[in-house]
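What follows is one structure encoded as structure tokens, with my remarks underneath.
Here is the naming used below: chain letters follow the sequence lines, and residue numbers restart at 1 for every chain.
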There are 2 protein chains.
Amino acid sequence: MAGTADALLLLLAAGLAAAVWPQPQLLRQDPRSLCRLSSRQFRFAYANDSAVEPGCEVLDGAFRRYWQLLFPPGYKEPAGSNTEDLCPNLLVSVTEAGCSGYPTLESPENYKLSVSVDLMLLTATNIWGALRGLETFSQLSWRDEYGTFYLNKTDVVDFPRFPHRGLLLDTSRHFLPLRAILETLDVMAYNKFNVFHWHIVDDQSFPFESMVFPDLSSKGSYNSATHVYTAKDVKMVIEYARLRGIRVIPEFDTPGHTLSWGPGIPGLLTPCYVSTKPSGTYGPVNPILNSTYQFMASFFAEVSAIFPDFYLHLGGDEVDFSCWRSNPDIQDFMQKMQFGEDYAKLESFYIQRLLDIVASYKKGYMVWQEVFDNGVKVNPHTVIHVWKGHPNFEDEMSRVTEAGFRTLLSSPWYLNVISYGQDWLAAYRVEPLAFKGSAEQKKLVIGGEACMWGEYVDATNLTPRLWPRAGAVAERLWSNETVRNTQDAYARLSDFRCTLLRRGIRAEPLFTGYCEFDAL
Amino acid sequence: MAGTADALLLLLAAGLAAAVWPQPQLLRQDPRSLCRLSSRQFRFAYANDSAVEPGCEVLDGAFRRYWQLLFPPGYKEPAGSNTEDLCPNLLVSVTEAGCSGYPTLESPENYKLSVSVDLMLLTATNIWGALRGLETFSQLSWRDEYGTFYLNKTDVVDFPRFPHRGLLLDTSRHFLPLRAILETLDVMAYNKFNVFHWHIVDDQSFPFESMVFPDLSSKGSYNSATHVYTAKDVKMVIEYARLRGIRVIPEFDTPGHTLSWGPGIPGLLTPCYVSTKPSGTYGPVNPILNSTYQFMASFFAEVSAIFPDFYLHLGGDEVDFSCWRSNPDIQDFMQKMQFGEDYAKLESFYIQRLLDIVASYKKGYMVWQEVFDNGVKVNPHTVIHVWKGHPNFEDEMSRVTEAGFRTLLSSPWYLNVISYGQDWLAAYRVEPLAFKGSAEQKKLVIGGEACMWGEYVDATNLTPRLWPRAGAVAERLWSNETVRNTQDAYARLSDFRCTLLRRGIRAEPLFTGYCEFDAL
């Protein structure tokens, strides 16, 4: 293996091979056998035996996108090249029919790719796997000094290690314009991420436009004319993601992190008290009022209808009990319910009712780890999202899976947190299954998510802070657990970062050096 | 003072006043007295008594730039406003004639600005001060909800605390395309920085095109077709900077940090030895050969002619002695010169000859602190650039000024180094004169420089990493030493960051919140 890696590094350095990021499960390249990729000749095409045919928007669109990525705008093929070694068209064959649906947690993403001068064939179980294979294919070509593109004879057999490979964007601490979200979805697809976790609202602002409760965004957004995601915007995000095989899971975090909900829904938040008087400030959602649950039922009915994915993320993290504790009505309720001084019980009371509401809409849910930690009774299909780094995430993963719950890891992947130097390495070195537990427990880890919280991030710095660092998480979640050689990863990720630049993405450098296109 | 700051914060929050960054020495604004700034009426104009007249490229160009910054592209003035409260033209009056020269360390930059409905007048000693005043003026306008621009009655008396307020860019670890350098010069002018310290070459690459030694860049750059600053590029940088009142001081760091010089100038670098044989690797410039000094004489003659500023930065930092120590010819020379084992003496031997060469071209020089620390005999006008943070910079500043040298501070301002959160605060809280020393010693501190070293920085992340953080350094070097209130600074710097966004600069956010223009 080390020998193979070294040989690849040499070829990469000489520009005579292409790296693939994330590393496929099996990738065999023959450096001595080439074909020439001609922009005049080359096309993507459906194989005759494919169950999916022309007219499938997902693949038709991907063919167009990847053709444009293969041949840069204004590319002129050098004249006079001979035609004997031309690469044929790439034939795409999908086994399962179906093109109009959405990817799910259960969708297989496996594909096989054969590239040679005689035949170029991509096979996949379904369109989502075909999208992954097209991405890999698009990373295989390289260009000689005259501008001619080549492909080496290549065989790929590939599938993801984990089915949930997510990226969280926070559009509440700072509003991210639609184009920034769409660009992120593009780059997610380049990295084979398949879940966009949209932390859409929080204390700071409520940019989600609700048709049922329009005051939420008109009174809770930073600026209701410009800093709002309209129904049309949300639809566009969902469809743009679908076309790239990406699920959209929105998070509406309650009962904490909800200050921005207050202005739009009077009475929803708990009034905080100083001694015997309301202080004028507000705390978490008020869990003792029927009106709260009536509102949540209506609001989540709307949300459930808008977002097609089976899962919603319901938050449940960092509930600050001090405001509840200050409020005499809450104190009375605690007494009535015999909760004593244990406000985690009140939190559980709220969350259980909320989960029942959401379950009644035939939705599954994900929650932050506190919901599990506080002993809330959740249905067995709940996904527990592990985010705390202290004392360590491994013990939490052990406990969550021992209790039989599926889990997602984010603790070591808070990419908003930056430090000087090559901090992608720490994210890369994480092993999500390195916790104490049985093989059955390990199977409950469905993946992980890179998080880009927005306190210090908006459209000005999102892209270079995210890429290529999030690629480290992408490879950890897609590639085989044996893919851990950081020297090899450095070479491939540096190469991939240059590919991103070529594709117009402001991905920052890992270290000194240059890309062909960074001087423009 | 606290009351004034609080009142300003309220007005800023309400959008009814404008902040100025960096804070002028004296700024008096009357929130109750306004005039309306009309894009149809308003013009910059030379006052009748001005010693500089139309045709002065520096001011003519600044009038054009600032008019465009006042009124965004496509701005349409709301119709039907009355004309009684119109702001008059801004009359600019400069005392000293002269428009074709370059700013120098000695150029005064003071200006006075009076804004009222009766008269708007900017007076300055010379064109450089007028440029500073125009920048302040451009930050005074604000816009109501209908899109009308206003100016409050305002009086400003302003001058810089320190005459050398620099920013270092490193174009060797990563090449920065010309447009990134020019954009940085624009934003420097917005921050009243007045020195561009161009760390143009280093170990990693040599992108400076020398006419006398073309092999330096053809063999030492990352890519000689794309990653080189041609003579024309360098000229453009110098002129673009001049038009903004910014000096360009190039750094050609020797004898260390010179690996990229090697391929273009065979014999220049010291061959390193392993036991008795050359290892094939190279160390610092070879200080024992006459050919080295012949080359340096020719090369610095060219550099001295190209860069108009009186000062060159000659580097002299971080010389690694291990290669010199390994080389038998160097060992012989050490013996002959009776240097014993003290390689700092060899370094001094080299530097002194280099300084003599450069002095013979009637140039002054700046050097990194090691040159002073190692006891190199330098002429009394040398500027010692303090960059080390350990054990602390204050003691170094004491020693340097006690020895009678002028000094520049950079130690606490390495802005390439990032950490999570509001790291502009640490840069802001620095007090450059807080070291032990007499009033005479303090006078020797001519300013400081923010440094953006390029190991992890290229055009993809330069702008958000630099701005608005470097603004903290800009204010520390321009404003009165009493300007230290971080709450006030936070409000003004946040506001200024929005101004930068409006001007098309991807300046990152300080914390949660939004700008009018960040959703586009």
TODO: Answer whether the closest heavy-atom distance between the side chains of H227(B) and D518(A) falls below 4.5 Å.
DONE: yes

- [ ] Heavy-atom distances under 4.5 Å only: say whether E455(B) touches chain A with side chain, backbone, both or neither.
- [x] both

Task: F149(A) atom CZ, over 12 foreign heavy atoms within 6.0 Å - done: yes

Open item on the list: I'd like to verify something: which residue of G513(B), P464(B), G421(B) has the highest number of heavy-atom pairs under 4.5 Å with chain A?
Closed with: G513(B)

Task: Heavy-atom pair with the smallest gap, counting every atom of H174(A) and P509(B) - done: NE2-CB, 3.3 Å

- [ ] Can you measure from OG1 (T463(A)) to CG (N461(B)) and round to the nearest 0.5 angstrom?
- [x] 11.5 Å

- [ ] Find the one option among A507(A), S205(A), G454(A), A180(A) whose heavy-atom pairs under 4.5 Å with chain B are most numerous.
- [x] A507(A)

Open item on the list: Which atoms of E508(A) are under 4.5 Å from chain B, going by heavy atoms: the side chain, the backbone, both sets, or neither?
Closed with: both

- [ ] With a 4.5 angstrom heavy-atom cut-off, could you sort out which part of A225(A) is near chain B: side chain, backbone, both or neither?
- [x] neither

Task: Among the listed options V417(B), L510(B), V457(B), the residue most often paired with chain A at heavy-atom distances under 4.5 Å - done: V417(B)

Task: Backbone N/O of Y514(A) and side chain of Y222(B): donor-acceptor pair under 3.5 Å - done: no

- [ ] Select, from L462(A), I505(A), N416(A), the one with the greatest count of heavy-atom pairs under 4.5 Å involving chain B.
- [x] N416(A)

TODO: Measure the acute angle between the ring planes of Y420(A) and Y456(B), then classify it against the limits of 30° and 60° as parallel, tilted or perpendicular.
DONE: perpendicular

Open item on the list: Using the rule given for side chain to side chain contact (heavy atoms under 4.5 Å, CB included), can you reason through T460(A) versus L501(B), listing the C-alpha separation, both sets of side-chain angles and the distance that settles it, and then say yes or no?
Closed with: CA-CA 9 Å; T460(A) 63; L501(B) 276 191; 3.4 Å; yes

Open item on the list: Is it the case that over 12 heavy atoms from other parts of the model lie below 6.0 angstrom from the CZ atom of F393(B)?
Closed with: yes

Open item on the list: Taking A459(B)'s backbone N and O only, do any of them form a donor-acceptor pair with R506(A)'s side chain (distance below 3.5 Å, no angle check)?
Closed with: yes

Task: Salt bridge present between D458(B) and R497(A) (N-O < 4.0 angstrom) - done: yes

